[in-house]
Visitor: 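Before I ask anything, here is the structure I am working with.
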Number of protein chains: 2
Amino acid sequence: MNTTETTKNELLRGGQFLVKETKAEDVFTPEDFSEEQKMMRDSVKEFVDREIWPLKERFEHKDYALTEEVMRKAGELGLLGVAVPEEYGGLGMGFVTTMLVCDYISGATGSVATAFGAHTGIGTLPITLYGTEEQKKKYVPKLATGEWFGAYALTEPGAGSDANSGKTKAVLSEDGKHYSISGQKMWISNSGFCHTMIVFARIEDDKYITGFIVENDPENGISMGEEEKKLGIHSSSTRQVFFSDTKVPVENMLGERGEGFKIAMNALNVGRIKLAAASLDAQRRVIANAVQYANERIQFNVPISSFGAIKLKLAEMATNAYVSESASYRAGKNIEDRIALRIKAGNSHQEAELKGVEEYAIECSILKVAVSEDVQNCADEGIQIYGGMGYSADTPMESAWRDARIARIYEGTNEINRMLAVGMLVKKAMKGHVDLLNPAQAVAAELMGIPSFEKPDFSELLSEEKAMIAKLKKVFLMVAGSAVQKYGNDLEEHQQTLLAAADILIEIYMAESGILRTEKNAKRFGEETQKEQVAMSQLYLYHAVDIITVKAKEAILSFSEGDEQRAMLMGLKRFTKYQNMPNIGELRRTIAHKVISENTYPF
Amino acid sequence: MNTTETTKNELLRGGQFLVKETKAEDVFTPEDFSEEQKMMRDSVKEFVDREIWPLKERFEHKDYALTEEVMRKAGELGLLGVAVPEEYGGLGMGFVTTMLVCDYISGATGSVATAFGAHTGIGTLPITLYGTEEQKKKYVPKLATGEWFGAYALTEPGAGSDANSGKTKAVLSEDGKHYSISGQKMWISNSGFCHTMIVFARIEDDKYITGFIVENDPENGISMGEEEKKLGIHSSSTRQVFFSDTKVPVENMLGERGEGFKIAMNALNVGRIKLAAASLDAQRRVIANAVQYANERIQFNVPISSFGAIKLKLAEMATNAYVSESASYRAGKNIEDRIALRIKAGNSHQEAELKGVEEYAIECSILKVAVSEDVQNCADEGIQIYGGMGYSADTPMESAWRDARIARIYEGTNEINRMLAVGMLVKKAMKGHVDLLNPAQAVAAELMGIPSFEKPDFSELLSEEKAMIAKLKKVFLMVAGSAVQKYGNDLEEHQQTLLAAADILIEIYMAESGILRTEKNAKRFGEETQKEQVAMSQLYLYHAVDIITVKAKEAILSFSEGDEQRAMLMGLKRFTKYQNMPNIGELRRTIAHKVISENTYPF
Ligand SMILES: Cc1cc2nc3c(=O)[nH]c(=O)nc-3n(C[C@H](O)[C@H](O)[C@H](O)COP(=O)(O)OP(=O)(O)OC[C@H]3O[C@@H](n4cnc5c(N)ncnc54)[C@H](O)[C@@H]3O)c2cc1C
Ligand SMILES: Cc1cc2nc3c(=O)[nH]c(=O)nc-3n(C[C@H](O)[C@H](O)[C@H](O)COP(=O)(O)OP(=O)(O)OC[C@H]3O[C@@H](n4cnc5c(N)ncnc54)[C@H](O)[C@@H]3O)c2cc1C
């Protein structure tokens, strides 16, 4: 670790969570929100409960104007400028606060979540991150206040996951004063009401595309397709955008020529962790509604919340939401701290933010995948708890389910993000930014040695769980280490293995985050205050161990054989073994009891 | 087994699959369809490809009249009367053929699937099964030809899963000539265009409700709510139905007074296996579309079907569809054979059919759960393969996903069906219909003994897989046996354990069905013709072993402790151990290769 980059707490580099122990004191948790942050949260909540939630039905009926109106109101309250430096008309708040706003503003409908994310995350941020002083002065204040709205136009009919393959062209005019952009963009969120778009286009035969800030002016060769008919986020505007000789002044180029792909990818890093945040309050609201319904709905003369089948669901839903929160804010604060360190070290705010987020690109991908799948499952169980009523548009479950589905597709599909998470980690290791080699060799040596039969003392709260996390990290090192040895640079060709490794990595990060949050809170607020949180941390870990076992086994069976295979399977057994197995039924009952008696998501 | 009830093949009783070995020769497979059945299948396919699939978009736009029109055309072709005896205007075909029609007519849209299922399965069948000669003569011919349409009105706002708790009343008139029905029904499929409804109502303070055939006559106190706004099956009519002093002649009582709950439940048994069938062609169509898209869609200069991540999905989708088919037709033929046996033994057709289906109620619940979840996952992966286009209503994935969602809710939620499957099995054991006790005791004894270290000869095709199935059955007996011992009649209170046991049972039945089908076909058509089918059988089993391991462990940890727990965990390890672990990556590649090169679901 670079010694110029330490704060009073140990600040791990991105991906290092896998090889270094994180101390509970060093993680940020939702219980650490400052008074200012709590006020922010409460006022966003209040805004949503007043302006969005009661109008949910209208949002389901393709009321694009309503989304625009809500966005405008959010702008008036300053919510669109939370992340924007004060000098450009924003509130200049830290990364965690911007996540917090994104979290709570997104819970009621995916339409606002997407509009908000597209505007702030990918429509505005690239300008604050890469813009020139003039560009920032000209555009950012308008975007920060909601006077203008932004969009981000990267995808084309032939260029989705392969984002750099776009055919949109930018041709310099003879007088060198402007570029002329022609091409077709697709799936552009906010396109129906945006004033600016970050457009990516190729200059000549450049290897990489270039970014431009383009004002949305129909007189300037910009036209739009019809609104796409979509499964969900019904009031999020999504259109094709056609550029035909659209003239863009040269001073509107964003960053350098050929830097567009990097800009696009960096915008996506931030987009991904914000998308995770944007999938948190949706879970809380689904859980709150589901438990309220379950407490009211009588079948067989009792509330259905008294049935084990329903308790099981509520417990699992709450557990995933709790862990999602834990991991999202943990990573968010790492990013914030890294930015602060870089500023201290003399970086400009811009550069600091850029590098800060890039550092944690692995965590951003992990969170994007894990939390988007959690919110999907949460809504799915929400429907099931409502029974037939869950299938009705008159209850808030089915729209939550439809809206959640998009989060697994955009900002890079979950498959792409899974492979990225592991791929980036391997690259970091090769570059020497994270030392995986030594730990992996240590694991390999351990595999050859005789396992210790000592029984460690696990009397301390969550100590067995933390020992388990340490072992699970060895599983990842064992599997990924052997795979890299075997496939070398071809690893990407072997996507099944990459995907399995990614699931292992994801489960480790998520499970560890839940445990650390609980441990930290138990230490400061007392164990007795954390009974259900302990149960959730244990339950999540228990499932994580199962998932990791399944995925690791699958990978091992696919790429190894003979003695090597046997050794790894033995190692897998050793590294996934509990000394004291938890009582799963009991854990679920403990958690469910709390959710049911509080009649909401109470954590 | 009752010796009067054997055919030339061994015909197991419902639930006995768990304790008796089924021979490959004794299972019916889709490759056993007769010429007549194949013609039927092809003509239904042709009907769907002509009348339904091209109109898919209209079905998404709440075109209830279109559904009615398609149903009428289906009636003209005789498709509504496949299951109806010839004497009442039907085609009088066997159970398998009725499943086949249900399968292939349901693949294009859930709207038709639901309309068809509600009309034939629960709207008509209760009359053919329980009706008097007069009732059958009066109503069935009209329903069989589609001159009239039927509905089934059981659910009420306060009575869903607890179906017998309905408040709808039937009061006998003073002259004893009619009943007067008053009450409110909810979620009634086909209500918007039906001519008859099977209505369940309570007479006086009867313990059980009573069934009535009610003609839909607005002059007779019947009124309807608006069409429900639903997540999916957008052109299936679903309304509330209000009865206010609706007069029903006494001769329209269905079955005996107080027999309604039994009738309702028996109708649901048939409904459940038909619902499984109705979820098969939907999978085939999703897979066919997904692979065609994947073969055409280019990213990174290659068709996305060349990526391991996509191959993985296609392989898993095809495997689940193949196993779903295998299990559905296996059970369907058992029912058909059982009916034939009963007729031979002197039962009326009516009684034979009733008892035949009831016998396999466990399998019906298993299939309902497994196949409804398979089609959901299949559509979910279908969306993901399409990427952004999967989220668009212009491609057929998102409607498949929405439509699939209902199958997990109606005909008894999947939770209720899971618990029923195990509950019915335990009851059958207590009644002595299926001997679980002796096999369970044998397993308990085996657990105490020393495991054999002999290595069986597994050179024969699928022999290791079959040995594994035998062991997995022991897992079920071990877990369910101990749970029954521990909880006795309280087992139902312990729903977490019931649910885990149900998953074990389901996976055993499904995995075994795939293996037996493949084995049978390999024997007659040659192993070399079954390469991919062998791979699918192995892949499904491999996952089943993982699921069973996870679920059994969870249950064991929840209800046992100390030595007993240790013994069971040891047993679980023993009973889930492969001698030769398969190469999962290889299996998937083999399967995917076939799907991709045939550019459809080719099995
Ligand atoms: C509602 C909505 C809003 C959107 N908003 C915006 C926006 O505002 N701005 C914008 O620029 N874009 C936007 N998008 C586009 C979105 O980012 C893309 O849909 C997404 O990146 C996937 O690209 P694609 O749709 O072309 O799918 P494809 O790239 O064609 O992917 C199809 C399938 O192939 C898989 N795949 C692709 N490449 C590989 C590989 N190398 N290895 C393994 N598997 C692979 C994918 O995982 C997926 O399963 C939006 C999309 C939607 C649906
Ligand atoms: C589109 C649609 C079409 C339909 N068509 C028809 C039709 O044609 N005719 C008809 O009669 N009905 C129909 N239904 C009703 C359907 O059968 C019921 O919705 C279903 O049986 C579930 O009942 P419910 O909705 O009241 O849910 P509830 O019974 O209230 O269930 C809510 C939740 O509680 C759980 N639960 C309930 N009881 C228990 C228990 N004892 N233990 C554990 N968990 C429990 C359920 O599993 C579920 O998760 C239809 C429903 C829909 C949505």
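A, B, ... follow the sequence lines: proteins, then strands. Residue 1 opens every chain.
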Visitor: So which of R405(B), M581(B), Q496(B) has the largest heavy-atom pair count under 4.5 angstrom toward chain A?
Guide: R405(B)

Visitor: May I ask you to say whether E227(B) pairs ionically with R239(B), meaning some side-chain N is under 4.0 Å from a carboxylate O?
Guide: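 Counted as a salt bridge, because a side-chain N and a carboxylate O are separated by less than 4.0 Å.
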
Visitor: Looking at E415(A) and K313(B), does any basic side-chain N land under 4.0 Å from a carboxylate oxygen?
Guide: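 So E415(A) pairs with K313(B) through a salt bridge.
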
Visitor: Against chain A, label E586(B) side chain, backbone, both or neither, depending on which of its atoms sit under 4.5 Å from a heavy atom there.
Guide: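 No part of it gets close to chain A.
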
Visitor: In terms of heavy-atom pairs under 4.5 Å with chain B, which of L499(A), I383(A), I304(A), D394(A) leads?
Guide: I383(A)

Visitor: Quick check on the interface: out of N583(B), I584(B), V550(B), who has the most heavy-atom pairs with chain A under 4.5 Å?
Guide: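 Most pairs with chain A among the choices: N583(B).
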
Visitor: Tell me whether the rings of Y487(A) and F559(A) are parallel (<30°), tilted (30 to 60°) or perpendicular (>60°).
Guide: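 Perpendicular.
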
Visitor: What is the distance from atom OG of S189(A) to atom OH of Y410(A), rounded to the nearest 0.5 Å?
Guide: 6.5 Å

Visitor: Relative to chain A, which segment of E561(B) carries a heavy atom at a distance below 4.5 Å: side chain, backbone, both, or neither?
Guide: neither

Visitor: L312(A), N301(A), D380(A), L569(A): which one forms the most heavy-atom pairs within less than 4.5 Å of chain B?
Guide: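 Between L312(A), N301(A), D380(A), L569(A), the count favours D380(A).
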
Visitor: Using heavy-atom distances under 4.5 Å, tell me whether M186(B) contacts chain A through its side chain, its backbone, both, or neither.
Guide: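 Side chain of M186(B) only, per the 4.5 Å heavy-atom cut-off to chain A.
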
Visitor: Between L587(B) and chain A, with a heavy-atom cut-off of 4.5 Å, which part of the residue counts as in contact: side chain, backbone, both or neither?
Guide: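 Contact with chain A involves no heavy atom of L587(B) at all.
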
Visitor: Would you mind checking if K551(A) and E507(A) are paired as a salt bridge, meaning a charged N to carboxylate O distance below 4.0 Å?
Guide: no

Visitor: Which answer fits N164(B), side chain, backbone, both or neither, if we ask what part of it has an atom under 4.5 Å from a heavy atom of chain A?
Guide: neither

Visitor: Find the distance between NZ (K486(A)) and NE2 (H494(A)) and round it off to the nearest 0.5 Å.
Guide: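 Spacing of NZ (K486(A)) from NE2 (H494(A)) equals 8.5 Å.
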
Visitor: Tell me, for F300(B) versus chain A, whether the close heavy atoms (under 4.5 Å) come from the side chain, the backbone, both or neither.
Guide: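 It is both, since atoms from each part get that close.
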
Visitor: Look up atom CD in Q376(A) and atom CZ in R408(A), then write down how far apart they are to the nearest 0.5 Å.
Guide: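 Separation between the atoms: 4.5 Å.
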
Visitor: For chain A, which of A393(B), A159(B), G232(B) has the most heavy-atom pairs under 4.5 Å?
Guide: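 Most pairs with chain A among the choices: G232(B).
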
Visitor: Which atoms of A500(B) come close to chain A, meaning under 4.5 Å heavy atom to heavy atom: side chain ones, backbone ones, both, or neither?
Guide: neither

Visitor: Can you tell me which portion of I406(B) sits under 4.5 Å from chain A's heavy atoms? Options are side chain, backbone, both or neither.
Guide: both

Visitor: Please identify, among K230(B), H543(B), R589(B), K311(B), the residue contributing the most non-hydrogen atom pairs under 4.5 Å to chain A.
Guide: K230(B)

Visitor: With a 4.5 angstrom heavy-atom cut-off, which part of I556(A) approaches chain B: side chain, backbone, both or neither?
Guide: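 For I556(A), no heavy atom lies under 4.5 Å from chain B.
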
Visitor: Using 4.0 Å as the upper bound for N to carboxylate O, is an ion pair formed by R588(B) and E316(B)?
Guide: yes

Visitor: Answer with side chain, backbone, both or neither: which region of Y386(B) has an atom nearer than 4.5 Å to a non-hydrogen atom of chain A?
Guide: neither

Visitor: Using 0.5 Å steps for rounding, measure from the CD1 atom of I547(A) to the CG atom of D546(B).
Guide: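 Going from CD1 on I547(A) over to CG on D546(B), the span is 11.5 Å.
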
Visitor: Quick one: do the S111(A) and D403(A) side chains pair a donor with an acceptor below 3.5 Å?
Guide: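 Distance-only check fails for S111(A) and D403(A).
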
Visitor: Report yes if some heavy atom in the side chain of V545(B) is under 4.5 Å from a heavy atom in the side chain of Y542(B); otherwise report no.
Guide: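 Of all side-chain heavy-atom pairs linking Y542(B) with V545(B), none is under 4.5 Å.
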
Visitor: Against chain B, label R402(A) side chain, backbone, both or neither, depending on which of its atoms sit under 4.5 Å from a heavy atom there.
Guide: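 Contact with chain B: backbone and side chain both.
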
Visitor: Any salt bridge linking R418(A) with E373(A)? Criterion: basic side-chain nitrogen under 4.0 Å from a carboxylate oxygen.
Guide: yes

Visitor: Would you mind checking which part of I233(B) comes under 4.5 Å of any heavy atom in chain A, side chain (CB onward), backbone (N, CA, C, O), both or neither?
Guide: both

Visitor: Top residue by heavy-atom pair count (under 4.5 Å) with chain B, among K553(A), K229(A), M419(A), Q299(A)?
Guide: Q299(A)

